[in-house]
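Below: one structure, written as C-alpha cells.
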Amino acid sequence: MNEKEYLFIEATISICEKCLERINAKIILEDGSVFILKNCLKHGIKKELLEKDGQYYLNRKKYDKPGTKCKTQTKIKNGCPFDCGLCPDHEQHTCIGLIEVTNNCDLGCPLCYANSNEGDFLDLKKIEEMMDFYIDSEYGNAEILQISGGEPTTHPQIVEILKLASKKGFKYVMLNTNGIRLAEDIEFVKKISNIFSNGFEIYLQFDSFSAEVLKKIRGRDLLKIKNKAIENLAKYNIPITLVATIENGINDNEVGEIVKFGMNQKMIRGINFQPVAFFGRMPRKNITKRSTLTGILNDIEKQTNKMIKTDNFIPLPCDIDRVAISFFKRIKEGKWKSVMDDIEIETYLPNIKNTLTFTMEDIAKDLIKPIFSCKGSGGCMNSMKKMASIIDPKILLQSKQKRVDYVNDNFFRITVTSFVDVYNFDIKSVKKDCVHIITPDLKKMPFSTYNMFYRDKL
Ligand code: SF4
Ligand code: SF4
C-alpha cells in the first residue's frame, strides 16, 4: 500500500485476529473513513474499518470525559485485554451491568454472540450474590442492570429474578429478550407489569420487517411475534426499547423504517442500533464491509429523508468510541424535533454523569442543577431559556409519576452502540468500555473482551 494515501491519526495497540497476540497499530484516515492498520510480525499488515464517517470520528474527542472510579477484581499481570476484570488498568466504571441468568434460548439465532441454545439456569441465590456484588463494586450505587441470557424469559424463576432486582433498588432494570414469551404468554406480561412502578423496560430484539431477513439472521420469521409482544406490552403499559442488530447488505436498508415504526408506537421509548460484531456464531465474512456506528447514523439520515440527521447525535461522554445518542421531542402527532439542536451539550459536560442517561428528565436535571445555583449571570439565563424551550422546568417539580408520564409521552431516544472484536480492536476503546458482564465468579468483564476471550473458557 502507498503510505502517502492516508492521514495518520494516532498510534495504538491492537490484536492479531490470527494469533491473538498484542500488536502495534495505527489509526488512519483514508477516503473519508477511519481504519486501524495492524502490524503483526508473524501474520503481516491488516487494514480494518473502524468508522465509515471520519468527520464524526475526529469531532468526537471534544465530548470525552475522564472515567469514573470503581472497584477492581483482578491484578495487572498479562497486559490488556488479558487481565479482565476489571483490572486496575480499566478506565471506566460500569454504566450497564449485565447478568446472564441462563445460556438457554428458545431461538438459536445464526448470529448469536452468546452461542446460546439448550443450556443451564443460574439459581436465585447465585443471582442475588451477583446483584449484591455489582452494587458493592459501584460503591453502593449501581445504576442500570440488564437481565440477559441466552433468553432470560425461559428461566423458570424469571419473575422472582425481576422482583429481586426491584427490591435491590437499581435505578433502571432492563429485560433483554427476543419477545417470544411476551407474545405467547399474556399472563407473564401481566405479572411483570406489577413488579416495578417505573425504571423498568423491555429491551426487545427487533431487526427487520422482512421474513427473508429474519429467517437469515434469527432462523425464523418473527415479525408477527414481535408485533404481538409489542401489543401485549402496550396493554400493560410496559416501556420498550427496540434493539436492532444491523449487518451491511442484510438489513442496513431498514434502519429508517425501524425508526419511523418505533416513533409511532405507544410504548416504544427508544431504539438501540447495534452494528454486528464478529464473535459467537456470527460468520467471519464481509468484515471489510462491516456495519459501523457512523455508517448507521448516515443510513438513518438518508432513510428518514433528513428528518433525523447524523448531526443530531453526540458521542456518549463516558464512551465516545462506542455509543452515539440523541433525544427527540414530540412537536405534534408524528412530528419530532432533535433536542440536541437546541443545546450545546459540550458546554454542560462537567455536569453530565458518566452513565447512559436514560431519560430526558435525568439529562434536564443534570443540566438545570447549575442553572438553579447560578447568581444570575447572562450565560445562566441563556442556558435556562434554552432548557425551558425543551423541557418546562416546572415539570421537574411535579410528582414522580407526572414527570415519568410527561417524559414518556414527549421524548424518544435513539442510540447506536458498537462493540469491539478481534478485527477492529483498539486498546483505548476497550479500556473505556462501560457495558460489563457480571460473571458468576464475581468479576466484571467488558462486554467486548468477554465475548472475544473469556465466554467460551468460562
Ligand atoms: S479490558 Fe479493561 S479490565 Fe480487561 S484487561 Fe483491559 S483494562 Fe483490564
Ligand atoms: S441472539 Fe438472543 S435470541 Fe438469538 S439465540 Fe442468542 S440469546 Fe437467543
Side-chain angles (χ1 to χ4, degrees), residues 96 98-124 126-127 130-131 144-167 170 172-196 198-209 211 214-215 217-245 258 261-262 265-272 274 280-281:
I96 302 180
L98 270 85
I99 296 185
E100 297 186 339
V101 296
T102 178
N103 55 358
N104 187 65
C105 186
D106 48 0
L107 200 50
C109 309
L111 54 60
C112 179
Y113 63 80
N115 253 326
S116 296
N117 250 324
E118 269 180 40
D120 307 316
F121 304 100
L122 286 183
D123 69 48
L124 205 55
K126 175 49 84 181
I127 294 168
M130 291 159 79
M131 286 181 190
I144 306 173
L145 172 71
Q146 186 176 119
I147 302 293
S148 190
E151 174 50 47
T153 62
T154 63
H155 194 297
Q157 288 173 293
I158 186 62
V159 173
E160 288 76 13
I161 294 168
L162 292 172
K163 282 184 181 162
L164 193 60
S166 167
K167 198 175 94 189
F170 293 98
Y172 298 104
V173 176
M174 301 147 86
L175 179 63
N176 182 7
T177 173
N178 59 31
I180 294 176
R181 185 159 181 200
L182 301 174
E184 294 175 349
D185 184 354
I186 188 81
E187 276 309 305
F188 171 66
V189 179
K190 188 176 171 190
K191 264 188 211 155
I192 63 173
S193 72
N194 292 323
I195 298 175
F196 299 85
N198 52 55
F200 173 65
E201 66 170 45
I202 297 293
Y203 205 53
L204 180 66
Q205 179 198 88
F206 193 101
D207 318 290
S208 175
F209 298 98
L214 286 166
K215 277 186 204 151
I217 62 178
R218 298 292 170 198
R220 58 190 268 211
D221 177 6
L222 292 160
L223 192 57
K224 278 196 189 129
I225 284 179
K226 304 289 176 179
N227 283 329
K228 186 70 185 164
I230 292 168
E231 186 190 316
N232 288 349
L233 291 164
K235 189 168 175 192
Y236 287 99
N237 284 326
I238 303 179
I240 307 162
T241 290
L242 299 182
V243 192
T245 303
I258 295 174
F261 172 79
Q265 299 290 321
K266 181 181 160 223
M267 290 312 292
I268 298 178
R269 304 284 183 246
I271 303 173
N272 179 235
Q274 302 182 345
R281 278 202 287 265

Candidate pair K190 and N232, rule side chain to side chain donor-acceptor pair (under 3.5 Å), full reasoning: CA-CA 9 Å; K190 188 176 171 190; N232 288 349; over 6 Å; no
Could you go through the side chain to side chain contact (heavy atoms under 4.5 Å, CB included) check for N103 and F121 one step at a time? CA-CA 7 Å; N103 55 358; F121 304 100; over 6 Å; no
At what distance, to the nearest 0.5 angstrom, does OG of S166 lie from CD1 of I192? 12.5 Å
Between Y172 and I96, is any pair of side-chain heavy atoms under 4.5 Å apart? no
Mind checking the CG-CD spacing from L164 to Q157? Nearest 0.5 Å is all I need. 10.0 Å
Closest heavy-atom pair and its distance - N104, G119: OD1-N, 3.0 Å
Residues C105 and E151: closest non-hydrogen pair is SG-CB, 3.6 Å
Nearest heavy-atom contact between I271 and I258 is CD1-O, 3.5 Å
Sidechain N-carboxylate O distance under 4.0 Å for K228, E231: yes
Looking at every heavy atom in both D207 and T245, which two are closest together, and how far apart are they? OD1-N, 2.9 Å
To the nearest 0.5 angstrom, please state how far the CE atom of M267 sits from the CG atom of N237. 5.0 Å
T102 and side-chain contact (heavy atoms from CB on, under 4.5 Å): which single residue from I158, T154, I147, I161 fits? T154
L182/F188 under side chain to side chain contact (heavy atoms under 4.5 Å, CB included): CA gap, chis, key distance, verdict: CA-CA 7 Å; L182 301 174; F188 171 66; 3.7 Å; yes
Would S148 and E100 count as a side chain to side chain donor-acceptor pair (under 3.5 Å) here? Give the steps. CA-CA 5 Å; S148 190; E100 297 186 339; 4.9 Å; no
Using atom types as modelled and distance alone, determine if a side-chain donor or acceptor of R181 lies under 3.5 Å from a backbone N or O of T153. yes
Say whether, by atom type as modelled, one donor and one acceptor occur between the side chain of D221 and the main chain of L214 under 3.5 angstrom. no
In the structure I gave you, are the side-chain heavy atoms of T241 and M174 within less than 4.5 Å of one another anywhere? no
Straight-line distance of M131 CE to I99 CD1, nearest 0.5 Å: 5.0 Å
Give me the one residue out of H155, K163, E160 that meets side-chain contact (heavy atoms from CB on, under 4.5 Å) with L124. E160
What's the spacing between L222 CG and I180 CD1 if we round to 0.5 Å? 6.0 Å
Would I230 and L242 count as a side chain to side chain contact (heavy atoms under 4.5 Å, CB included) here? Give the steps. CA-CA 10 Å; I230 292 168; L242 299 182; 4.3 Å; yes
Please report the closest heavy-atom contact between A229 and A183, naming both atoms and the distance. N-CB, 3.8 Å
Would you name the heavy atoms of K191 and I195 that are closest together and state the gap between them? O-CG1, 3.6 Å
Looking at side-chain heavy atoms only, is the closest gap between Q146 and L175 below 4.5 Å? no
In sequence, state the C-alpha distance, the side-chain angles, and the governing distance for F206 and Y203, and then conclude on ring-ring contact (aromatic ring centres under 6.0 Å, His included). CA-CA 9 Å; F206 193 101; Y203 205 53; over 10 Å; no
I'd like to know whether NZ of K235 has more than 12 heavy-atom contacts from other residues, nucleotides or ligands below 6.0 angstrom. no
Does atom NZ (K167) have a neighbourhood of more than 12 heavy atoms from anything else shown, all under 6.0 Å? no
Would Q205 and N178 count as a side chain to side chain donor-acceptor pair (under 3.5 Å) here? Give the steps. CA-CA 5 Å; Q205 179 198 88; N178 59 31; 5.6 Å; no
For I238 and V189, what are the C-alpha separation, side-chain angles and deciding distance, and is it a side chain to side chain contact (heavy atoms under 4.5 Å, CB included)? CA-CA 9 Å; I238 303 179; V189 179; 4.0 Å; yes
Spatial distance of atom OG (S208) from atom NZ (K226) [nearest 0.5 Å]: 10.5 Å
